[in-house]
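Okay, so here's the structure we're looking at.
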Amino acid sequence: MITHLDRARPYVLGLFRIVIGSLFTCHGIASLFGVLGRDTLPAGTWPGWYAAVIQLVTGLLVTLGLGTRTAAFLGSGSMAFAYFDVHQPAALLPMENGGEPAALFCWTLLLLAVTGPGAFAVTRTRHPAPQQQDHLGVPV
């Protein structure tokens, strides 16, 4: 049985991608240009400046839905690195070490790398209509 929620899945996923990509982009913009309450990172400083460039580029690509899976995978990996290299040495848990944003971005971007862009993507793939199924789950 197909529900209204199943029909909405690609659209909700597309909106999710746009929101996550936009937030990730904002982190990159804030660090690179000293806006949104952040100080500018000096060009070329490791690892912060490079992380900000990755956030800006992959965040824009994810927002647009252009190479979403690759961009999201790269962004997720950069956040995993940030968590384990920058945050985790201070304390084990994200609540203790300030690594909640890194952990959340890591996992949400990994989800997008696995699921794809959903609706509203520049590189849109057709989502076939879900098939009707009988009571045993067999398509009819």
Side-chain angles (χ1 to χ4, degrees):
M1 175 185 209
I2 298 172
T3 67
H4 293 290
L5 291 176
D6 290 331
R7 288 189 188 110
R9 182 178 296 140
Y11 305 105
V12 173
L13 182 58
L15 293 172
F16 178 78
R17 173 188 47 78
I18 291 167
V19 169
I20 295 301
S22 297
L23 291 171
F24 204 52
T25 302
C26 286
H27 276 269
I29 289 171
S31 297
L32 289 173
F33 303 110
V35 296
L36 304 173
R38 291 252 179 105
D39 293 331
T40 304
L41 291 171
T45 56
W46 178 258
W49 186 82
Y50 293 95
V53 171
I54 291 169
Q55 291 167 357
L56 176 61
V57 173
T58 61
L60 282 172
L61 291 171
V62 167
T63 301
L64 295 172
L66 185 62
T68 301
R69 289 178 187 257
T70 302
F73 185 75
L74 292 172
S76 175
S78 74
M79 290 296 97
F81 176 83
Y83 183 79
F84 288 109
D85 188 63
V86 177
H87 299 286
Q88 197 275 330
L92 179 62
L93 300 175
M95 290 290 292
E96 298 173 313
N97 64 29
E100 288 176 275
L104 286 169
F105 275 123
C106 178
W107 286 102
T108 56
L109 289 168
L110 183 60
L111 178 66
L112 287 170
V114 171
T115 61
F120 318 119
V122 170
T123 53
R124 184 175 9 190
T125 56
R126 292 190 138 258
H127 296 282
Q131 294 180 340
Q132 294 281 345
Q133 297 177 349
D134 66 12
H135 69 283
L136 297 175
V138 178
V140 291

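Note that these values count all heavy atoms, side chains included, but never hydrogens, waters or copies made by symmetry. These figures come from a predicted structure and were not determined experimentally.
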*Is there a side-chain contact (heavy atoms from CB on, under 4.5 Å) between L56 and T25 once you walk through the steps?*
CA-CA 5 Å; L56 176 61; T25 302; 3.9 Å; yes
*Output yes when a side-chain donor or acceptor of T45 lies under 3.5 Å from a complementary backbone atom of G48, and no otherwise.*
no
*Any donor-acceptor pair under 3.5 Å linking the side chain of T70 with the backbone of G67?*
no
Could you report the tightest heavy-atom contact between [X] and [Y], atom names first, then the distance?
X    : Y    : value
A90  : N97  : CB-CB, 4.2 Å
S31  : R38  : OG-NH1, 2.9 Å
G44  : W49  : N-CD2, 3.2 Å
I18  : T63  : CG1-O, 3.7 Å
A121 : P117 : CB-CB, 3.7 Å
A52  : L41  : CB-CD1, 4.4 Å

Drop me the distance from [X]'s [atom1] to [Y]'s [atom2], to the nearest 0.5 angstrom.
X   : Y    : atom1 : atom2 : result
S76 : W107 : OG    : CH2   : 7.5 Å
T58 : F73  : OG1   : CZ    : 12.5 Å
I20 : L13  : CD1   : CG    : 11.0 Å
R17 : L109 : CZ    : CG    : 12.0 Å

_Walk me through whether V62 and F24 qualify under side-chain contact (heavy atoms from CB on, under 4.5 Å)._
CA-CA 9 Å; V62 167; F24 204 52; over 6 Å; no
_With a 6.0 Å cut-off (strictly less than), is the heavy-atom count around CZ of F81, excluding the residue itself, greater than 12?_
yes
_Heavy-atom side-chain contact between P94 and Y83 under 4.5 Å_ = yes
*Kindly indicate, with the supporting measurements, whether the criterion side-chain contact (heavy atoms from CB on, under 4.5 Å) is fulfilled by L110 and C106.*
CA-CA 6 Å; L110 183 60; C106 178; 5.7 Å; no
Using the rule that Ile, Leu, Val, Met, Phe, Trp and Tyr join whenever any side-chain heavy atoms are under 4.5 Å apart, tell me whether [X] and [Y] fall into a single cluster.
X    : Y   : answer
L111 : I54 : no
F120 : L66 : no
V19  : M79 : yes
L60  : V57 : yes
L36  : F33 : yes

*Report the C-alpha distance between T108 and L112 in whole Å, list the side-chain angles of each, state the deciding distance to 0.1 Å, and finish with yes or no for side-chain contact (heavy atoms from CB on, under 4.5 Å).*
CA-CA 6 Å; T108 56; L112 287 170; 5.8 Å; no
*Identified side chain to side chain contact (heavy atoms under 4.5 Å, CB included) counterpart of Q88 within the set L92, V86, D85*: L92
